[in-house]
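Beneath this line is the structure, given in structure tokens, with notes to follow.
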Amino acid sequence: MLGEAVMVLFYDIEGDDADHDDWHSHEHFAERLAVPGFLRAVRWVALDDGPRNLVTYDVTGTDVATSQPYLDRLNDPTPWTGAMMPRFRGMVRGFAEVLAGAGIGLGGEALVLRFTPEAGAEAALAARLEGLLPELVARRGLVTAHLLRPAAAPPMTREQALRGRDQVMPWLMLVTGYAAEALEGLAGELRAAAGVAGTAGRYRLHHMAAAG
């Protein structure tokens with residue numbers, strides 16, 4: 001991760017995915033990366049039955065969620081964005097603090113585990129998961145692993161109103177690598193090691209861009 005926080009979105013699109021990808025790559029990424037605090041934008045596409053789109057934005061901090069330039073952008077959607085927003089389905093969206101990370105770079109294959117810790121057990125679970133990260137990235141085929149803790153939900157904006165209220169962002173573990181086979185079976189291993197239930201998804205890098 002390039003900053004201290006990340007914005008994460010999981011969602012599907014009603015209708016033509018290619019139309020969404022065209023808008024997302026040629027207009028939306030440029031818009032978001034023009035907002036102060038946004039450092040990198042990455043779109044991942046599902047390899048299994050999870051939400052088709054996973055989008056991550058590396059940001060300087062969770063305060064970007066309530067910054068005036070960001071809110072101004074979301075409250076003034078372009079015509080193309082206005083036409084696209086009602087087609088979003090099952091949106092899970094939020095900002096998260098990068099609690100811990102290990103490794104270097106960004107692999108083209110990813111595994112994401114979404115989970116909710118038991119109340120009162122968050123600190124112990126975070127410590128347990130943080131301890132797993134160096135061992136994960138030492139494996140052949142894996143390059144990075146991050147633990148993300150959700151921040152407060154972003155405020156309602158015109159963009160969100162067009163597509164409907166977003167679902168709350170859970171905790172996340174994001175592991176990336178360059179070999180798909182290195183991620184096989186990893187979801188079950190992480191659940192067992194951390195003692196958590198959760199929803200896992202496999203993704204492949206689709207488009208990445210950086211500010212500037």
Can you name the closest pair of heavy atoms from [X] and [Y] and give their distance?
X: Asp58; Y: Gly3; result: CB-N, 4.5 Å
X: Ala197; Y: Phe115; result: O-CB, 3.3 Å
X: Leu33; Y: Ala41; result: CD2-N, 3.9 Å
X: Ala145; Y: Leu136; result: CB-CD1, 4.2 Å
X: Pro36; Y: Pro69; result: CD-CB, 3.9 Å
X: Gly61; Y: Ala5; result: C-CB, 3.6 Å

With hydrophobic residues grouped by side-chain heavy-atom distances under 4.5 Å, do [X] and [Y] end up in a single group?
X: Leu162; Y: Met91; answer: yes
X: Met173; Y: Tyr57; answer: no
X: Val143; Y: Val137; answer: no
X: Val168; Y: Val55; answer: no
X: Tyr178; Y: Leu47; answer: no

Quick one: pull up [atom1] in [X] and [atom2] in [Y] and give me the separation to the nearest 0.5 Å.
X: Glu181; Y: Arg140; atom1: CD; atom2: CZ; answer: 10.5 Å
X: Leu39; Y: Arg32; atom1: CG; atom2: CZ; answer: 15.0 Å
X: His24; Y: Asp17; atom1: NE2; atom2: CG; answer: 12.0 Å
X: Leu125; Y: Leu99; atom1: CG; atom2: CG; answer: 10.0 Å
X: Glu122; Y: Trp171; atom1: CD; atom2: CH2; answer: 6.0 Å
X: Asp76; Y: Thr157; atom1: CG; atom2: OG1; answer: 11.5 Å

Looking only at side chains, do Arg43 and Ser25 share a donor and an acceptor under 3.5 Å apart?
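Note: Arg43 and Ser25 side chains meet the donor-acceptor criterion.
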If you measure only the distance, is there a donor-acceptor pair under 3.5 Å linking the side chains of Glu27 and Thr78?
yes
In plain terms, say whether [X] and [Y] are close enough for a salt bridge, that is, a side-chain N and a carboxylate O under 4.0 Å apart.
X: Glu189; Y: Arg139; value: yes
X: Asp12; Y: Arg89; value: no
X: Asp19; Y: Arg87; value: yes

Which pairs, with at least one residue in residues 145-156 and sequence neighbours excluded, count as a side-chain hydrogen bond (donor to acceptor under 3.5 Å, both in side chains)?
Glu97-Arg149
Given a cutoff of under 4.5 Å between side-chain heavy atoms of I, L, V, M, F, W and Y, with clusters grown through shared members, what are the other residues clustered with Met169?
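Members besides Met169, by chain and number: Met1, Val6, Val8, Phe10, Val42, Trp44, Leu54, Val92, Val98, Leu106, Val112, Leu148, Leu172, Leu174, Tyr203, Leu205, Met208.
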Please verify the inter-ring angle class for Phe88 with Trp23; under 30° counts as parallel, over 60° as perpendicular, anything in between as tilted.
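Answer is perpendicular, since the angle exceeds 60°.
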What orientation do Tyr11 and His20 show, parallel under 30°, tilted 30 to 60°, or perpendicular over 60°?
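Geometry flag for His20 against Tyr11: perpendicular rings.
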Determine, stepwise, if the pair Phe38 / Tyr70 fulfils ring-ring contact (aromatic ring centres under 6.0 Å, His included).
CA-CA 9 Å; Phe38 278 75; Tyr70 180 55; 5.4 Å; yes
Can you find a pair of side-chain heavy atoms, one from Ile104 and one from Thr144, that are under 4.5 Å apart?
no
Taking the side chain as C-beta and beyond, is there a heavy-atom pair between Phe95 and Pro150 under 4.5 Å?
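The answer is no; the side chains never approach within 4.5 Å.
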Quick one: does any side-chain atom of [X] pair with a main-chain N or O of [Y] as donor and acceptor, under 3.5 Å?
X: Arg128; Y: Ala194; result: yes
X: Asn75; Y: Leu71; result: yes
X: Glu159; Y: Pro77; result: no

Heavy-atom neighbours of Glu4 CD exceed 12 at 6.0 Å
no
